[in-house]
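Only one structure is covered here, and it is reproduced in the block below.
Any value given below was found using the heavy atoms of this structure, including those in side chains, with hydrogens, waters and symmetry copies removed. Only a predicted model underlies this, so the values are computations on that prediction, with no experimental measurement involved.
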Amino acid sequence: FPSHDNPQLREHVSMDIRGLSERFISMKESVSRQLGSQEKGKVGEVAMEELIKKAFGSSKGFDLQPVAKEAQRGDHLMIYNSLKVLWEIKNYTRMVNKDEVEKLHRDMRSNPDVRLAFMVSLQAGIVGHNKAGDIDLEILEDGRMIIYLSNFYKHEDIVLYMQTLRPLIDLLESQAETKSHDESETVSKLRYKAKIVHHLLLTHKTTLLNIHNALVNQKKEPYRDWE
């Protein structure tokens, strides 16, 4: 049979092929980005697990459970004596957006037994919570607390930085054990005390780091042989 060359048909087929190719490339890039984000998130969760253990693991009442696969539970659940603490880790190079913050609020509402939550942004800031010292705290209406830590990896000694947060954790633990008939008064006192502790953390963090650096430098000095 004689072959018939149809320019319009050829062009139409060519356009369809280009369209399918573009959609395939777009889909491939989307999947690649998604996998990259998941892998980064997993790396961040594993790294934070080790840091949390180093910072708080010396407590007799310490336990750390990975809960990332559970719905509305954050990435890690820390037991600190009688306190349940939720950790939400973000390993983004961009700002953590408002939707992520609101999701954490929903997780807190779904877990009324959790008294404290940390949102940790390893490489960037957190929308609405970029404060001096890269730390911000929020007291919820029922007296529970969320601590926001931005630009986490920029700190020289991360474990020491995390350990400076213990006064806030201890404050919330002691407040949870205090029973009061006037709940609004209890929350009001907690807000006041938390602000004082927050201010002290910002004021003394530099001093603690200077002391730490001095001790490290002292250890690096060679010992002298005395005859």
### Summary
Rounding to 0.5 Å, atoms CG (Leu83) and CG (Asp113) come to a distance of 10.5 Å
### Exam field: side chain Asp75 to backbone Ile89, donor-acceptor pair closer than 3.5 Å
yes
### Query
Given the rule in the side chain to side chain contact (heavy atoms under 4.5 Å, CB included) test, do Met78 and Leu116 qualify, once you have shown the distances and angles that lead to the verdict?
CA-CA 10 Å; Met78 181 176 80; Leu116 171 65; over 6 Å; no
### Summary
dist Ile126:CD1 -> Lys131:NZ (nearest 0.5 Å) comes out at 12.0 Å
### Message
Could you see if Val67 belongs to whatever hydrophobic cluster contains Leu104? Use Ile, Leu, Val, Met, Phe, Trp, Tyr and a side-chain cutoff under 4.5 Å.
### Response
yes
### Summary
Smallest heavy-atom separation, Val114 atom then Met108 atom, equals O-CE, 3.8 Å
### Query
Out of Tyr80, Phe118, Trp87, which one pairs with Ile52 under the side chain to side chain contact (heavy atoms under 4.5 Å, CB included) rule?
Trp87
### Query
Any idea which heavy atoms bring Ser150 and His129 closest together, and the distance?
OG-O, 4.0 Å
### Query
What pair of heavy atoms forms the shortest contact from Lys90 to Glu100, and how long is it?
NZ-OE1, 2.9 Å
### Query
Under the salt bridge (Lys or Arg N to Asp or Glu O under 4.0 Å) criterion, do Asp107 and Lys103 qualify, and how do the steps go?
CA-CA 6 Å; Asp107 290 350; Lys103 179 184 177 299; 3.1 Å; yes
### Query
For Arg166 and Phe56, which heavy atoms make the closest approach, and how far apart are they?
NH2-CA, 3.5 Å
### Summary
One should read off an interatomic distance between Glu88 CD and Met48 CE, to the nearest 0.5 angstrom, of 11.0 Å
### Message
How close do Gly128 and Asp136 get, counting heavy atoms only, and between which atoms?
### Response
O-OD2, 4.2 Å
#### Entry: Any Gln65 side-chain heavy atom under 4.5 Å of Lys84 side chain
no
### Summary
Heavy atoms of Ala124 and Arg94 approach each other most closely as CB-O, 3.0 Å
### Task
Could you state whether Val127 and Ile135 fall into the same hydrophobic cluster, counting links through intermediate Ile, Leu, Val, Met, Phe, Trp or Tyr residues with side-chain heavy atoms under 4.5 angstrom apart?
no
#### Entry: Nearest-0.5 Å distance, CG of residue Asn151 to OG of residue Ser121
6.5 Å
### Heavy-atom side-chain contact between Met162 and Phe152 under 4.5 Å
yes
### Carboxylate-amine/guanidinium proximity below 4.0 Å for Glu49 and Lys53
yes
### Task
Run through Val120, Val46, Ile158 and flag the one making a side chain to side chain contact (heavy atoms under 4.5 Å, CB included) with Leu51.
Ile158
### Message
Please determine whether residues Phe62 and Ile147 belong to a single hydrophobic cluster, defined as Ile, Leu, Val, Met, Phe, Trp and Tyr linked transitively by side-chain heavy-atom distances below 4.5 Å.
### Response
yes
### Query
Nearest 0.5 Å, what's the CZ-CG distance between Arg109 and Asp142?
10.5 Å
### Query
Atom CG in Leu160, atom NZ in Lys54: separation rounded to 0.5 Å?
13.5 Å
### Task
Walk me through it: do Val85 and Leu172 pass the test side chain to side chain contact (heavy atoms under 4.5 Å, CB included)?
CA-CA 10 Å; Val85 183; Leu172 198 59; over 6 Å; no
